2 protein chains.
Amino acid sequence: MVTIKEVAKVAGVSTATVSRVVNGQGKVGDQCRARVTKIIKELGYRTNHVAVIHRKNEAKMIGLVTPKISMAFFGLLAAGAEEMARELGANLLICNSLYEVESEINAIHALVAQGCQSIILHSEYSESEQLIKLCKEVPGLVIINRFIPEISERCVWFDNNSASQACTNYMIDKGHRDFAVVSSIYQNGDPCARLLGVKQALLLRGITLSDDLLVEAGANIDGGMDATQELLDKGKPFTAIIAFNDLMAIGAIHTLHKAGIRVPEDVSVFGFDDLPMAKACLPQLTTMNYPIEGMAKYAVELSLSLVKDAPKHAKQTHLFVADLIERGSVTEPK
Amino acid sequence: MVTIKEVAKVAGVSTATVSRVVNGQGKVGDQCRARVTKIIKELGYRTNHVAVIHRKNEAKMIGLVTPKISMAFFGLLAAGAEEMARELGANLLICNSLYEVESEINAIHALVAQGCQSIILHSEYSESEQLIKLCKEVPGLVIINRFIPEISERCVWFDNNSASQACTNYMIDKGHRDFAVVSSIYQNGDPCARLLGVKQALLLRGITLSDDLLVEAGANIDGGMDATQELLDKGKPFTAIIAFNDLMAIGAIHTLHKAGIRVPEDVSVFGFDDLPMAKACLPQLTTMNYPIEGMAKYAVELSLSLVKDAPKHAKQTHLFVADLIERGSVTEPK
DNA sequence: CTGAAAGCGCTAACAA
DNA sequence: TTGTTAGCGCTTTCAG
């Protein structure tokens, strides 16, 4: 590896001068700069960033901790983060936490030790207390997708409640009255907030949701299929299904199709997230767009600025809202 | 930040001893080790890995360069790489190349400068010469998804040809004779090899593919829709579509559906890749499973071993093969 | 078994 | 404008 030292020797200058040339800062004579530049090229010198990071104690690395990068939603999150990171001249270091509380914490510590000052964390199960503590230790830590009042300025999150109210109202406006809800079996964060939003909207419009028509399962395609089958087995009539997310909505459509029930003619199905997959199924899903890529980009920017200087607006939080994407899975009931 | 020095001072030993305790190597007395361990805990000391990497000049980081992490296929690739990296106690650093030759090279250099010794590169457009040169510079560089004979031992790739022959033969065996092919407009690597495989299989079975029934478009859902529309417009009859990938296959199904043509009753559609999305569309896609996650894991392992010691079997290459996944989009022709 | 000391490659005062 | 020098935090001989 060619070092700054060798360049200096060959060019007959000091390492400091080479450093100045490399970084383009400080005063350097023109012919001196030209000669050094030439030597750098000839020798194929390349900065050892590890040394720089070590020296300056500031890494241009953004750490990202999500449960599982292979899941479509987190893939999108990572994509957004990477995009902004690259835009800001940083690299993205990713860690899967696999939904384990301990690996979340471990990942964060590992990232810090790697020199990451900026970290984006998607945490569903860690205690708020734990996260608040972590935020004190790591100035560049940003929590994505969860709101904790005590550290509101570190939270980039999403208004599940109003989004699911909007989706519910949309269906009510279409004329639906008999709703079924396919929710996630894990009633933390998102699922809980969304279910609440649906119930609230229904309540406000004077519609009751029968307990029989609220079913839970794993938040994936298979879960959606199972839950919908359960719904069908109960035999209670409904004209609309509100699914926790697109995956479950797709599962619902498949089960409905197998049972000879047409979507949307017989039953409308509403998704959530607007994954790329939502466009793949037939009919294409009407769904709420969860702007996770944009949120991730924002989070990276926020994190980097947090590292630089403490937040100006101590109590500002960062809330994103949904768009309703109309496609083909919802229509008026017969 | 608590350093080894402070621990040493508090414990009344030298930094060398603390280092030995931390790394569990070298001889250290029992009570001495116990005391140091206790102090480490009390002070909350945590290794500064940047310093370690700098000192040892060996990073436990795997770099991954793909065109675009948000695309499902590359998300899967990243997921596999991350999984193996974590298993091996390493971190994954990701870079998007956005299909630009120059950013590929830049990304590699940046990664090397960051201390990455192991790099997994998915490159479609760089010249082979360039990559061969790069491989000489970077001992831990592994090329995924492409075969270059001169550096065969660095290539982890996939047998597109036999896979597409298998898929074609499968449909011929079902009784299909009138084929249409929806291919990618970019006739490099994968698309080229797959198209060749289809043509070869057809030839061997004495079936001719009409030029009219070979169309090209962007390798995504919309491209699949457009290409299929083009096919329909031409008016030539066919009973089977072989699509370049799942995305195009899904697009084909949508266009067919819109035209009132049933899949698979009227026309069978074959995909490629077996993305999670393949299970989302109706009917679910019959497709070839591209084991990209497994390949990525393998590539990481290979890369790491390459860094350690030169390959034992100089001319061994690393070829993966497909599985045919039977789902609902292919059946016998009427 | 333990400590002293050199040095990884780079930057940033401080001098000159 | 340029050079000298002192580290960043850690590991690793080499002595003791």
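Since this is a predicted model, take the numbers as computed values, not measurements. A, B, ... follow the sequence lines: proteins, then strands. Residue 1 opens every chain.
When rounded to the nearest whole Å, the span between CZ of Arg33(B) and P of dT2(C) equals 9 Å. One can place NZ of Lys27(B) at 17 Å from P of dG3(C), the figure rounded to the nearest angstrom.
Of all the residues in residues 3-26 of chain A, Thr3(A), Ile4(A), Ala16(A), Ser19(A), Arg20(A), Asn23(A), Gln25(A) reach under 4.0 Å from DNA chain C with at least one non-hydrogen atom. Near-neighbour residues of DNA chain C inside residues 35-51 of chain B, defined by a heavy atom below 4.0 Å, are absent.
Within 6.0 Å of atom OH in Tyr186(A), 12 or fewer heavy atoms from other residues, nucleotides or ligands are found, so the atom counts as exposed in its surroundings.
Of the residues near DNA chain C, Arg55(A) and Lys56(B), the one whose nearest nucleotide (by heavy atom distance) lies more toward the 5' end is Lys56(B).
In this model, a donor atom of one side chain and an acceptor atom of the other lie less than 3.5 Å apart for Gln114(A) and Asn91(B). A donor-acceptor contact closer than 3.5 angstrom links the side chains of Ser118(A) and Ser303(A).
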task: Evaluate the salt bridge (charged side-chain N to carboxylate O under 4.0 Å, His left out) criterion for residues Lys38(B) and Glu42(B): first the C-alpha distance (whole Å), next the side-chain angles of each, then the deciding distance (0.1 Å), finally the verdict.
output: CA-CA 6 Å; Lys38(B) 194 167 136 261; Glu42(B) 280 174 16; 3.6 Å; yes

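Checking side-chain atoms of Thr17(B) against main-chain N and O of Val13(B) turns up no donor-acceptor pair under 3.5 Å. The backbone N or O of Lys27(A) sits nowhere less than 3.5 Å from a side-chain atom of Arg20(A) that would complete a donor-acceptor pair. Counting only distance, with no hydrogens or angles, the side chain of Asn96(B) and the backbone of Ile69(B) share a donor-acceptor pair below 3.5 Å. A donor-acceptor pair under 3.5 Å links the side-chain atoms of Asn48(A) to the main chain of Val50(A), judged by distance alone. The closest donor-acceptor contact from the side chain of Arg154(A) to the backbone of Cys135(A) lies under 3.5 Å.
Reading DNA chain D from its 5' end, the first and the last nucleotide to sit under 4.0 Å from a heavy atom of chain A are dT1(D) to dG9(D).
Tyr298(B) and His318(B) have tilted rings, their planes meeting at an angle from 30° to 60° on a 0 to 90° scale.
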